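Report on the following structure.
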Amino acid sequence: MNIVTDAKSQLTPEASLLATHPTANGILTVDLDAIIANWRKLEKTAVPAECAAVVKANAYGCGAEQVSRALAKAGCKTFFVATVEEAAVVRAAVPEATVYSLGGFFQNTGDAYARIDCKPVIGDLNELAEWDVFCRRSGWSGGAAIHIDTGMNRLGLTVSEAQGIIPRINAGDHGITLVMSHLASAELLNSPANARQLASFREIASLFAGVPASLANSSGVFLGAPFQFEMVRPGCALYGVNPTPEADNPMQPVVDLKARIVQIRNIDRGETVGYGGTWTARRPTRLAIVSAGYADGYFRAASANDGTRGAEVVVAGKRCPIAGRVSMDLIAVDVTDLDKNAVRRGHMVTLIGEGITVDEVAHHFGTIGYEVLTSLGRRFVRIYKGGDAIAARSDATAEKSEPAAAEKSETAAPATPVAPPALPTAAPAAPPPLPAEPTPPSA
């Protein structure tokens, strides 16, 4: 996107862009090329396993449509989401991909799965029975994954329950396209839980003859080949979060977050800043008031007080500390050490980027990078760059509107929705019944 700046204006290009979005208080830039590079690094690490992509929670806040389309263009064939609604977004963006929903199956959701050709991840015998009933009644043959709990104790069939459905697998026509489990402590390289889960999953997955297996999440990819099986399912690592927190981050940063300075003010030594007066100026102080706060996903935990230094932001290329409490819509930043002419009202400060990583911000927030990314608010204008100029709009739209200059594209244009596939009409052979199959709830 070419941004024209008045030669007489003191505003940065980002602030000029904000002038065209007067209701927005910041710019969140998502680098699709970095996401593609991260996926390719994960894919290379996991060869010969297939590298899928987890794009739940709106691709961790980065935009499910844009991210899915960019990754599909790069070669990703399988995507995981949390809900059927999320699956519909991904299906519209990547009509040919395989899409799994981790949220399970209920008897009244079958039509929704079938309409968008989405495979449920089934983690309960009742779900499996209800899925069977739906398949028999509708003729749907889209397939499903089986989730087995090997130590997370959250979702999934127990190992003994999974063993009980092996006769069904051996009988054929079972409709199971993937068997999977989830690691609870993959980011801890020396956790004994990893070895226990691997041994348990390897044993039960071997009984699912001919069914691909998947265990590794982002951190699990880096535990080595024994954890990778036929498919890996990275999520946070795609978006720049460190999947190996005990070592340097092998991933490229993906997001850059900037917010606008709405006021510059000077206070005297001894004056306090923010709610509760918890931060006191120890010298005559110059403050930049920035238009972002905890309503935008910049957590209150990043606040500073007289006894604790809070998070930092980048102003005019230099790190500057937060002064006082982060409020709902505003942050005060101490810019006293900057040249007086280096920072002005309307300029932008960097909250994430320019060396401030998602993981660093998460540390100040007292949480993890996942929560930082998924909390970034809708009041930010979202800009996409890279992705071979195809990720933030349909190919047809891109042909009409993409500039001829060979530059990285930056766009906020929506994708053109794609009609979901229709329900199948031909009924497949009914799968063999479950052993001791629970009685499904009445329709």
Side-chain angles (χ1 to χ4, degrees), residues 1 14 17-18 21 23-40 52-74 76 78-95 97 99 101-102 116 218 234-241 251-259 292 296-298 351-353 358 361 369-398 401-402 408-418:
M1 174 181 292
E14 294 91 349
L17 177 61
L18 273 179
H21 299 275
T23 62
N25 64 343
I27 299 173
L28 177 64
T29 302
V30 178
D31 189 341
L32 295 168
D33 283 344
I35 292 177
I36 291 170
N38 289 339
W39 179 79
R40 285 178 172 155
V54 180
V55 292
K56 63 183 180 178
N58 195 30
Y60 289 55
C62 291
E65 293 178 53
Q66 295 84 355
V67 170
S68 298
R69 191 176 292 112
L71 287 176
K73 201 80 169 182
C76 184
T78 303
F79 296 85
F80 287 82
V81 296
T83 68
V84 180
E85 288 78 9
E86 291 179 350
V89 173
V90 175
R91 171 58 67 221
V94 285
V99 182
S101 174
L102 297 162
I116 60 172
S218 288
C236 72
L238 295 171
Y239 312 103
V241 176
M251 302 290 105
Q252 293 186 20
V254 167
V255 300
D256 179 279
L257 177 61
K258 290 179 168 60
D296 304 294
Y298 198 86
L351 307 181
I352 301 174
V358 170
V361 173
Y370 304 60
E371 189 174 13
V372 174
L373 290 174
T374 57
S375 297
L376 296 178
R378 298 307 305 175
R379 293 194 292 191
F380 297 127
V381 174
R382 278 163 165 76
I383 301 296
Y384 295 91
K385 67 179 184 179
D388 293 329
I390 53 83
R393 61 185 76 180
S394 68
D395 288 340
T397 303
S401 60
E402 201 63 39
K408 274 192 173 183
S409 68
E410 294 187 2
T411 177
T416 302
V418 179

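Being a predicted model, the structure only gives us computed values, none of them experimental.
- The distance from atom CG of Asn25 to atom NZ of Lys258, rounded to the nearest 0.5 Å, is 14.5 Å.
- Under the side-chain contact (heavy atoms from CB on, under 4.5 Å) rule, Leu71 has a single partner from Leu32, Asn38, Val94, Ile35, which is Ile35.
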Ile352 and Val358: side-chain contact (heavy atoms from CB on, under 4.5 Å), yes or no, with the steps? CA-CA 6 Å; Ile352 301 174; Val358 170; 4.0 Å; yes
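- Shown here for Ala34 and Val254, the closest heavy-atom pair between the two residues is CB-CG2, 4.0 Å.
- No side-chain heavy atom of Ile27 sits under 4.5 Å from any side-chain heavy atom of Phe380.
- The side-chain contact (heavy atoms from CB on, under 4.5 Å) with Tyr239 is formed by just one residue from the set Val67, Thr374, Val255; it is Val67.
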Under the side-chain contact (heavy atoms from CB on, under 4.5 Å) criterion, do Leu28 and Val381 qualify, and how do the steps go? CA-CA 6 Å; Leu28 177 64; Val381 174; over 6 Å; no
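- Across all their heavy atoms, Ala74 and Ile36 have their closest contact at CB-CG2, 3.7 Å.
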Before giving the answer on side-chain contact (heavy atoms from CB on, under 4.5 Å), spell out for Ile116 and Val99 the whole-Å C-alpha distance, their side-chain angles and the decisive distance to 0.1 Å. CA-CA 9 Å; Ile116 60 172; Val99 182; over 6 Å; no
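- Contact detail for Ser68 and Phe79: the closest heavy-atom pair is O-CZ, 3.6 Å.
- In this structure, the side chains of Val81 and Val55 come closer than 4.5 Å at one or more pairs of heavy atoms.
- Here the side chains of Asp296 and Leu376 are not in contact, with every heavy-atom distance at 4.5 Å or above.
- The two residues Ala64 and Val90 have their closest heavy-atom pair at CB-CG2, 4.5 Å.
- To the nearest 0.5 Å, the span separating CD on Gln66 from CD1 on Ile383 amounts to 10.5 Å.
- Here Glu85 contributes atom CD and Ser101 contributes atom OG; the two are 8.5 Å apart, rounded to the nearest 0.5 Å.
- Across Gly63 and Tyr384, no two heavy atoms sit closer than the pair CA-OH, 3.5 Å.
- Of the residues Val30, Thr29, Asp256, the one that meets the side-chain contact (heavy atoms from CB on, under 4.5 Å) test with Lys385 is Thr29.
- Taking each heavy atom of Cys236 and Ser218 in turn, the nearest pair found is N-OG, 3.3 Å.
- To the nearest 0.5 Å, atom CG of residue Leu238 and atom CH2 of residue Trp39 are 9.5 Å apart.
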